[in-house]
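Input: a single structure, listed below in structure tokens.
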Amino acid sequence: MIRPEPGVPYEGDPEELRLISKSAAGDQDAFRQLVQQYHRLVISVAYKALGDMAMAEDVSQEVFLKIFRSLPGYRPEKPFVHWLHRITANAVTDALRRKVKMVVSLDSMEQPPPASEGDPQDVAARHALQKAVRDAIATLPEHYRDTLTLQVFHELSYDEIAKTLEIPMGTVMSRLNSAKRLLRDRLAAVGERPVADAGTNTASKGTVS
Amino acid sequence: MSHTQAREWLTPLADGGLSMDMRGQVEGHVTACTECSQELAELRRLNLVFASFPPAQPVAFASYWQRLRANLPAPRAARRPFFALPRRAALAFAMAALAALMIGGTAFASESALPDNPLYPVKRAGEQVLLTFALDQKSRIDLQITLASERLREAQAMAAERKGQLAAASLRDFNALLRLSASTLRQPGSDRTVKQLQSQLAAVRQVNSENGDNEDVNAQLTEGQNALDEDGEHATGNTESDSTSIVVDQGTVSGTDSLPANGSSASRDSQANETDSRANDRSEAISRHQDN
């Protein structure tokens, strides 16, 4: 991931800025190079959030279409990758919420991912817990959801989250603290509590190793 | 550290995001507090669930890009073929577009994109095309003056939204266009055009002063003001032209009385040459601005 040195004002990778400005002017070949650089990142975030490869690819395509259209509004004072994370986070959380709404009708059709290792029961339990966590994140209030998404699905550090959302680090910490407290309450409410006494909770078994 | 305080730091502690000092303080409380140590354990467990989300499978980029490209808006369709047209047809098109711009000046202005609009670069690219294809020096300068007026409209709109950088950028381009058009604006009879630009400029200053009084904007405004004052001094003294607007004035009298002098005096020639060389510098600057 491209990121500026700490403490140094962002001036951007000149090559990347060149690609960005050409893409903003409609140059599809320049845009192709940007997409090539970042598509893995966007797909990976979407897949972690949605747990479905086809859906993750669809959302990532939406993200790049949105980026192509919005590029003329991008201001290079801010690293491109922060901007990309923000657009991705919005698209991914929207998709996650849509998915949770549909889930009632589709639940029975959803297939667990192909199990490559371990006890099938453990795999199923882990899958159920992952799904419960994703769904619970989708139902959090917006600013908790966005912050937590950046940590969990984008795997950003506190510092990177602060820069992406343009909020102080202290706010990141307190939002994450509240978000996770709420998340644990919601998980407990649906009986998926990843508590310490894992022996009595089949759902959390798969996550303990 | 109190229980309430410590609870606020449990997530950073579980995420390994605390300084050594802070970590010691929070852990000091947690070891003595069952509730907090239980909560910390749950948070760590939750982190394990997060870490268990599997990575995505790799995708084939070629087909991924094919699919994306099929859905991209096609700017090439609008731009490439235009340049690929035979020169005569391209000129005819540019003339028609120019005429539409001149006649429908107001409609153009009201519908055109502002600098914070994603379509703005397209609009600017279109302007460059028109300038490139302007048939003679006069129609080019007329167009420059129309565009200068458009830059002021943008600057006013941006200043009203406190977008100082964008307002200043439009004003910078306005000043560049002003310099390019100086030879015409200083012609006797252009005072009305100059006055109109002056009043537009004053409106921008007014809006800017009411919306944060951006210094960059003011600096550009002052530069424009001085240039216009100077142009106005040259232009006054002959008020026979009775134009009602910039666009109509410059657009309809073509080929009659107010053509820029060609070689009427040596000094004017050298002035025109100087303006032209600055013109080239500035158009480069403008297109660089566009690239950004």
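Just so it is clear: chains get the letters A, B, ... in the order the sequence lines come, proteins before strands, and each one is counted from 1.
For the pair A/Gln28 (side chain) and B/Arg69 (backbone), a donor-acceptor distance under 3.5 Å is absent.
The pair B/Asp116-A/Arg75 does not count as a salt bridge, with every side-chain nitrogen at least 4.0 angstrom from each carboxylate oxygen. Contact check on B/Glu42 versus A/Lys180 returns no salt bridge, with no Lys/Arg side-chain nitrogen under 4.0 Å from an Asp/Glu carboxylate oxygen.
By number of non-hydrogen pairs under 4.5 angstrom with chain B, the leading residue of A/Leu65, A/Val45, A/Ile20 is A/Leu65. Between chain B and the options A/Ala24, A/Ser60, A/Ser157, heavy-atom pairs under 4.5 Å are most frequent for A/Ser60.
Only the side chain of B/Leu166 comes within contact range of chain A, with at least one heavy atom under 4.5 Å from a heavy atom of that chain. Neither the backbone nor the side chain of A/Leu50 comes within contact range of chain B; no heavy atoms are under 4.5 Å apart. For A/Arg40, no part lies near chain B; criterion is any non-hydrogen pair under 4.5 Å. Within the 4.5 angstrom heavy-atom criterion, only side-chain atoms of A/Phe153, from C-beta onward, approach chain B. Only the backbone of B/Pro115 comes within contact range of chain A, with at least one heavy atom under 4.5 Å from a heavy atom of that chain. With a 4.5 Å cut-off on non-hydrogen atoms, A/Leu183 touches chain B through its side chain but not through its backbone. Contact annotation for A/Arg181: only side-chain heavy atoms (C-beta onward) come within less than 4.5 Å of a heavy atom of chain B. Of the atoms belonging to A/Ser178, not a single heavy atom falls under 4.5 Å from chain B. In this structure, chain B has heavy atoms under 4.5 Å from both the backbone and the side chain of A/Asp58.
Pairing each heavy atom of A/Ser44 with each of B/Ala56, the nearest pair is CA-CB, 4.0 Å. Taking each heavy atom of B/Arg67 and A/Glu57 in turn, the nearest pair found is NH1-OE2, 4.1 Å. The nearest pair of heavy atoms linking A/Gln130 to B/Pro54 is NE2-CD, 4.1 Å. Scanning all heavy atoms of the two residues, the minimum distance from B/Tyr64 to A/Gln61 falls at O-NE2, 3.0 Å. The minimum heavy-atom distance linking A/Asn177 with B/Arg7 is given by the pair ND2-O, 2.9 Å.
Residue-level contacts of residues 10-18 of chain B with chain A, in order of numbering, are B/Leu10, B/Thr11, B/Pro12, B/Asp15, B/Gly17; threshold 4.5 Å between heavy atoms. Within residues 29-36 of chain B, no residue has any heavy atom closer than 4.5 Å to a heavy atom of chain A.
The salt bridge (Lys or Arg N to Asp or Glu O under 4.0 Å) test applied to B/Arg205 returns no partner, not counting sequence neighbours. Annotation: ring pair (Phe, Tyr, Trp, His ring centres under 6.0 Å) contacts of B/Phe50 (sequence neighbours excluded): none.
The shortest side-chain heavy-atom distance between B/Phe61 and A/His39 falls under the 4.5 Å cut-off. The shortest side-chain heavy-atom distance between A/Phe64 and B/Leu72 does not fall under the 4.5 Å cut-off.
The environment of CD in B/Glu161 is crowded: more than 12 heavy-atom neighbours from other residues, nucleotides or ligands sit within 6.0 Å. Summarising the local packing, CD of B/Gln165 is surrounded by 12 or fewer heavy atoms from other residues, nucleotides or ligands at distances under 6.0 Å.
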- Could you please spell out the steps behind the side chain to side chain contact (heavy atoms under 4.5 Å, CB included) verdict for B/Leu68 and A/Phe68? CA-CA 10 Å; B/Leu68 184 63; A/Phe68 188 73; over 6 Å; no
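Going from atom CD of A/Glu62 over to atom CG of B/Asn71 covers 10.5 Å, rounded to the nearest 0.5 Å. Rounded to the nearest 0.5 angstrom, B/Arg45 CZ and A/Leu129 CG are separated by 10.0 Å.
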